[in-house]
Structure formats: C-alpha cells, structure tokens
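Every chain is numbered from 1 and lettered A, B, ... according to where its sequence line falls, protein lines coming before strand lines. Model, not experiment: these values are computed from the prediction.
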Number of protein chains: 2
Amino acid sequence: MQKYIIISNDIRNKILKGEYVANQQMPFEKDLCVHYGSSKMTVKKALDILVTEGLIIKRRGSGTFVKDLNPEEIERVAMANQFRGTTALYAGQKVVSKILNFSVVKVPEHAAKKLNIAPDSFVYDIHRVRYVDDEPFVMEKMYMPIDLIPNIKEKNIKGSIYEYIEKDLHLNIQSAHRTVSVRKATDFEAEELGLEKGDPVAVAEQRGYLDTGSAFEFSTSIHRYDKFSVEIVLTRN
Amino acid sequence: MQKYIIISNDIRNKILKGEYVANQQMPFEKDLCVHYGSSKMTVKKALDILVTEGLIIKRRGSGTFVKDLNPEEIERVAMANQFRGTTALYAGQKVVSKILNFSVVKVPEHAAKKLNIAPDSFVYDIHRVRYVDDEPFVMEKMYMPIDLIPNIKEKNIKGSIYEYIEKDLHLNIQSAHRTVSVRKATDFEAEELGLEKGDPVAVAEQRGYLDTGSAFEFSTSIHRYDKFSVEIVLTRN
DNA sequence: AAGTGGTCTAGACCACATT
DNA sequence: ATGTGGTCTAGACCACTTC
C-alpha cells in the first residue's frame, strides 16, 4: 500500500471518528511529515485527496482546516467519492433482479457509437428490474460487448455483474461517465417500478470503462423518483 | 500561471482540436518532459488532471492513451468539470430573473444547521425564477448570511450573485456540495415554471463554500425536468 | 531485458497571510 | 519577519507490460 494512501486514510478516519472536528485547524504539513516520516510532497498528495473529497480546506499562509460539515454530512461525503455498482451500494440489504430479457444481439446503432465498436459486433442485451428489500428500485437496460465481457450467465445478471467482471474475469473497472436527467415514466416503466402513470423517473445513462481504456458497458437506468439521489462535490480548479 | 496548468491546458487543447484522437497513444511522459522542459513530477501532475477529467487513460508499463470518446463527448466532458453559476453556464443567452421575494430574515432552523451559523443570525432570503431566453428554467430559494455576503442589492439578484461575490466583494468561491433528487412539482412550482400539475422536477440542494471554509450559501433549486441534466465522471481511486 | 508509468525524497524557491 | 501551503526539480527505486 502506498504511503500517501495510508496517510490520507489515517487522517480521514480521524475526521470520521471526530478526532479532528468541523472547522478545527489540522496539524501543519511540516509536522505531519515528521509524524508520518515522509516528505512534504507525499503529505501534500495525501491531503489533496481529502480536499477533492470535500472534507478539508487548505489556505496558503494560514493552514489546513476541517470543512464546515456536520458529522452526518461528513459521512455522506466520504461515501460519495467511491464508485461502486448497485449491489455494493446496498450492501447488507437484499438485492435481487427480475430478468426481462437476456440475449445476444447485433449491436444497435446508437450503442455501437457509445461503445465505439464495429456496427456488426455482437453484444449482450440485458434488461432487468432490480429490487432492494423486495421493493422495485431501478430498471436497467445494458449492452456489453461479448468480446470484452465473455461468458455471462443468467446467475451473474441475477446478482452483480460488476462482481463477475472483477472477481471472475479479473478485469479492472477504471471509470464511468454518467449523465443524469429527468422525465415522465412510460406506462411500462410505471408498472414495473410500482409507480403511477406519468410519475417522475430519474434516467442515468452510463458508459463504463476498463483500465485498458475500452468501454465495456453502455447502460440506461430508470430510477424510481423517490429512491434516487446523487451527491456531487464541485471544485474550482 | 503554473507550469502544470499550462501543460494540461495545452494537451487538452490538442485533444479538443483533434490533434490527438480517440484511442491514440500519446507521447511518453519522458518525451513530454523534454518537450515542455519540465520534470517528470510536473508532467505527471498535468496528465493526472486530464485523467480526473475523464479525457485520457494511463496504463503502467504501456503508456498513455486518449479515451474512447467521440468528439462530441470529449467536448461535454471538458466542460462538465468546471464549476460555474447558472449565468456563466448559459453565457451568450439572455438570463433574467423574476424576483418572488428578497428580504432579510432570522435564519430558519434547517438552514442554520446547513450553514453552520448561530440560530439568531440573519440571512438574505432570496427567492427567484430564472429565465433563459424568456423560457422559465429554474426556481431558486437561497439563504446567504448577511455577515459573509453583505450589501446585496436588487440589481445583483436580477443578474448573477456569483459575479457580485467574486468581482465586487473579491471573495473566492472554492467549492460546492450538491445533492440532486427528483420529485413532483407543487402546484405553485408548476405554474411558475410553466409545467402541468404533478410534472417531474429535479431538485438540487446546494451548499457553497468560500476558500475560507465558511459556507456562504444554502440553496434549493427546482429545475424543469426537460431542461436539466448533470454529467458525472466517476473514478476508482 | 528494456521501457513504461507510479511513488518518494530532499531541498529549492515562490505566493500568501499573520504578526 | 516569520511561517504557511504551492510548485518544481533531479534523481532514486518500484510495479508492471512488452518483447
């Protein structure tokens, strides 16, 4: 494990445990260098991670301070920065899927563009409704190139596809680009998600990338409006 | 201007201009060091900015590659990483505000918590509907501590408050935490935004922070569902 | 074996805030 | 004037990929 990860984890824990509290001034970088036995650049890198996460603030000439957040917000922010699949997000709760379709098809034109693959490629076409603790939660329509993610079985899509990709195929998921918008549910969506006709839904269109740079997933998720929210930290520079 | 900013801007431009295209391998860090006359750490920092923005991918042992995005997506991603107010976002279009309320009040309890100020503090209470090119777009309810952001005049809230804070007060906006959720419009919201009763709206709850670490803004924005989307780049590590 | 990006250091100098 | 964090360097060593 890298030193800067160890340091930033350690400091994040101290904030989460309340050892450093909101608005409190933290030790100077110089002192942290001594304490962790590392150079200035390494400590700086560790602290910058926490700045990006939105937990602390640095002021040149003055020092470093815990951000003005209450304990609850601190916890949420610390969570929001991790990128996980739905199954991991609702760890501890029962996540099951109802499969509406699972087949291999020639890639639809719009998906070929998003996945940047040849128009005569084949992809898995996965359509499922996911339930958390027996409540319908989200309807997912997902395309994955069969060349990149081979051998998907029904049992994988009943559970976590991300887990299959990482644990079984030993591929590394690197990042995702997601666009969230809002519209009215279609009648079919309303029925599957237990909503009234015309109720709001949140639509998340997502492309997932492996660490090889290839797009491995293009998906559109329709979320129940009452069970959806995203947390975003915006930073200047 | 710092060297790593210059370098990352230069490379971003080359990607935007199509000088480096999707999936193309970029020059090695070693060569970029020579080209820009800088050290490895500096070039790495410049490239890491583009990684966070979602434009490029690095693979240890192999090299650095432009991400698998079409030109349109590249442009959107490059834009999405900047944090601006509404007025700046719709630069070039006519942005005006209809003021529903503009007063100074004792801070409501829930806002005092979010802003982390004393419960007997006073805040500006700003309620306005913003129009882009004469179409209603978003309804904003905003609280700002009068001690932090003094002297707001009606002409400021008709235009851009962010601009007033930065240009006139010479304060630095550092970051914002935003939570986006979805619900049905109230009758009043529907009327003001030109929607039907019960139509979907996107609700963005936002806290803005100055570089001093103080929260200067707590706001709730109600967006028309057909004119709202957010772009998010998620990264592992 | 050679070459890539990743981490880390020790020290220099700079920009900024406080005293 | 002092001390903070910010940038930058030159060079070392490591982890990984490719040949």
**Asked** Do any pairs count as a salt bridge (charged side-chain N to carboxylate O under 4.0 Å, His left out) and have a residue in residues 37-47 of chain B, sequence neighbours left out, and if so which ones?
**Response** B:K44-B:D48
**Item:** Results of side chain to side chain donor-acceptor pair (under 3.5 Å) for A:D211 - residues two or more places apart only
**Value:** A:N172
**Request:** Applying ring-ring contact (aromatic ring centres under 6.0 Å, His included), name anything that partners A:H110, two or more places apart in sequence or on another chain.
**Result:** A:F218
**Request:** Give one of base, sugar-phosphate or nothing for B:K40, where a contact means two heavy atoms less than 4.0 Å apart.
**Result:** base
Which atoms of nucleotides 16-18 of chain C (N or O only) lie under 3.5 Å from a protein N or O atom, and what are those distances?
unit_1: C:dA17; atom_1: O3'; unit_2: A:S62; atom_2: OG; d: 3.4

**Request:** Can you see which heavy atom on A:Y209 is nearest to which on B:D68, and at what distance?
**Result:** OH-O, 3.4 Å
**Fill in**
The residue, A:K44 or A:G63, whose nearest nucleotide of DNA chain D is more 5′ is A:G63
**Asked** With sequence neighbours left out, what residues match B:V66 under side chain to side chain contact (heavy atoms under 4.5 Å, CB included)?
**Response** B:I15, B:Y20, B:M26
**Distance in angstrom units between B:L47 CG and C:dT4 C1', rounded** = 13 Å
**Complete:** By salt bridge (Lys or Arg N to Asp or Glu O under 4.0 Å), A:K114 pairs with (sequence neighbours left out) A:E205, B:E73
**Prompt:** Which residues pass the side chain to side chain donor-acceptor pair (under 3.5 Å) test with A:T179, sequence neighbours left out?
**Reply:** B:E231
**Request:** Keeping to residues at least two apart or across chains, list the salt bridge (charged side-chain N to carboxylate O under 4.0 Å, His left out) pairs with something in residues 29-38 of chain A.
**Result:** A:E29-A:K58
**Message:** Restricting to side chain to side chain donor-acceptor pair (under 3.5 Å), what partner residues turn up for A:K153, sequence neighbours left out?
**Reply:** A:N151
**Near-strand residues of residues 19-28 of chain A, defined as heavy-atom separation under 4.0 angstrom from DNA chain D** = A:F28
**Item:** Pairs touching residues 10-28 of chain B that satisfy salt bridge (charged side-chain N to carboxylate O under 4.0 Å, His left out), sequence neighbours left out
**Value:** B:D10-B:K14, B:R12-B:E53, B:K17-B:E19
**Item:** First-last contacting nucleotides on DNA chain D - partner chain A, under 4.0 angstrom, heavy atom
**Value:** D:dG3 to D:dC8
**Complete:** Result for 5'-nearest mapping on DNA chain C, choosing between A:S38 and B:D31, is B:D31
